Amino acid sequence: IVIAAIDVRGTGDDWRLFRIAGDTVGSAALLGSAHFVYTPGAAWILWPFAHLQPAAGYFLYVAVMVAAAVTAAWFASKLYGLSLAAATLMVLAWWPFTIAICLGQNSPIALLLITGAIAATVHRNRTLAGVATGLLLYKFTDAVPLIFLFILWKEWRSLGVVALCAAGWYALSAAATHD
């Protein structure tokens, strides 16, 4: 109900900047016009949303973010022995997180990747932990603590996968900013 009451034009600057990033991906304009603070390659993910009508793109994006939040809650329920209902309520009832979704931010993706990396680490799946952390490089400051933990724990396979993901982000970013 909260989401339906939002005027898409008034959702704050985040959604507007993401739309601009999705619209300018594949050109040098991405670097200057949108103040896009993420890895430039991440703008490719925004491309389909930017090419829909503004309201349709916004509501589809919000639906994807809610799905990511619920998936993160599912991981958390398995990790911490909570019911899925309780974990989902904990994720979606925290006002700063819910308003971030409504503003068009991507916090649920970061939460999903961090929770996935933790779950993979707990289950000793070093490759999956590296993939989740490597994908999190779209928001580098969120990936750094996990990378430091991998170094501290001498998780070389996870670090190697993170390095491969970093190379992938570099290639996507070069393509995202090149005319």
Side-chain angles (χ1 to χ4, degrees), residues 2-4 6-27 29-76 87-120 128-147 162 165-166 168-177:
V2 171
I3 294 171
I6 292 176
D7 178 4
V8 174
R9 291 169 290 145
T11 59
D13 221 28
D14 297 306
W15 178 244
R16 182 184 67 80
L17 294 176
F18 285 175
R19 280 191 52 83
I20 292 170
D23 196 43
T24 59
V25 69
S27 72
L30 176 63
L31 293 174
S33 67
H35 303 290
F36 190 64
V37 297
Y38 300 97
T39 303
W44 288 112
I45 297 164
L46 300 167
W47 183 87
F49 301 103
H51 289 83
L52 296 172
Q53 291 295 322
Y58 168 76
F59 286 113
L60 180 59
Y61 184 83
V62 166
V64 169
M65 292 304 115
V66 170
V70 171
T71 304
W74 178 79
F75 275 125
T88 302
L89 182 61
M90 288 179 190
V91 168
L92 295 177
W94 189 48
W95 179 245
F97 193 71
T98 303
I99 196 64
I101 293 170
C102 293
L103 291 173
Q105 296 177 4
N106 56 33
S107 303
I109 299 297
L111 178 64
L112 174 60
L113 293 171
I114 289 167
T115 309
I118 292 168
L128 188 56
V131 168
T133 304
L135 291 175
L136 191 58
L137 288 172
Y138 86 91
K139 197 172 189 176
F140 183 77
T141 55
D142 288 353
V144 168
L146 293 169
I147 293 169
V162 170
C165 289
W169 279 120
Y170 178 82
L172 286 171
S173 295
T177 58

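Numbers here simply count residues along the sequence, with the first being 1. As the structure is a computational prediction, the values presented were derived from the model and not from experiment.
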Closest heavy-atom contact between [X] and [Y]?
{"X": "Ala73", "Y": "Val91", "answer": "CB-CG2, 3.9 Å"}
{"X": "Ala176", "Y": "Leu30", "answer": "O-CD2, 3.6 Å"}
{"X": "Leu112", "Y": "Ala68", "answer": "CB-O, 3.9 Å"}
{"X": "Ala72", "Y": "Thr115", "answer": "O-CG2, 3.7 Å"}
{"X": "Ala129", "Y": "Ala117", "answer": "CB-O, 4.0 Å"}
{"X": "Ala21", "Y": "Ala43", "answer": "O-CB, 3.8 Å"}

Okay, side chain of [X], backbone of [Y]: is any donor-acceptor separation there less than 3.5 Å?
{"X": "Trp169", "Y": "Leu136", "value": "no"}
{"X": "Trp47", "Y": "Val25", "value": "no"}
{"X": "Thr133", "Y": "Ala143", "value": "no"}

Would you sort out whether Ile45 and Tyr138 count as a side chain to side chain contact (heavy atoms under 4.5 Å, CB included), showing the intermediate values?
CA-CA 11 Å; Ile45 297 164; Tyr138 86 91; over 6 Å; no

Heavy atoms, side chains only, cut-off 4.5 Å: are [X] and [Y] in contact?
{"X": "Ile101", "Y": "Leu92", "value": "yes"}
{"X": "Cys102", "Y": "Ile99", "value": "yes"}
{"X": "Lys139", "Y": "Thr39", "value": "no"}

Atom pair [atom1] ([X]) and [atom2] ([Y]), whose distance is rounded to the nearest 0.5 Å:
{"X": "Leu52", "Y": "Arg19", "atom1": "CG", "atom2": "CZ", "value": "8.0 Å"}
{"X": "Leu31", "Y": "Ser173", "atom1": "CG", "atom2": "OG", "value": "9.5 Å"}
{"X": "Thr24", "Y": "Ile20", "atom1": "OG1", "atom2": "CD1", "value": "7.5 Å"}
{"X": "Tyr38", "Y": "Leu46", "atom1": "OH", "atom2": "CG", "value": "9.5 Å"}
{"X": "Asp142", "Y": "Ile114", "atom1": "CG", "atom2": "CD1", "value": "4.5 Å"}
{"X": "Leu17", "Y": "Phe36", "atom1": "CG", "atom2": "CZ", "value": "9.5 Å"}

Check step by step if side chain to side chain contact (heavy atoms under 4.5 Å, CB included) holds for Phe18 and Asn106.
CA-CA 10 Å; Phe18 285 175; Asn106 56 33; 3.6 Å; yes

For Trp15 and Tyr61, take the angle between the two ring planes, folded into 0 to 90°, and tell me which bin it lands in: parallel under 30, tilted 30 to 60, perpendicular over 60.
tilted

I would like to know whether Ile147 and Leu137 meet side chain to side chain contact (heavy atoms under 4.5 Å, CB included); could you show each step before the answer?
CA-CA 10 Å; Ile147 293 169; Leu137 288 172; 4.0 Å; yes

Are Phe49 and Tyr58 close enough, and set up right, to give a side chain to side chain contact (heavy atoms under 4.5 Å, CB included), and what steps lead you there?
CA-CA 7 Å; Phe49 301 103; Tyr58 168 76; over 6 Å; no

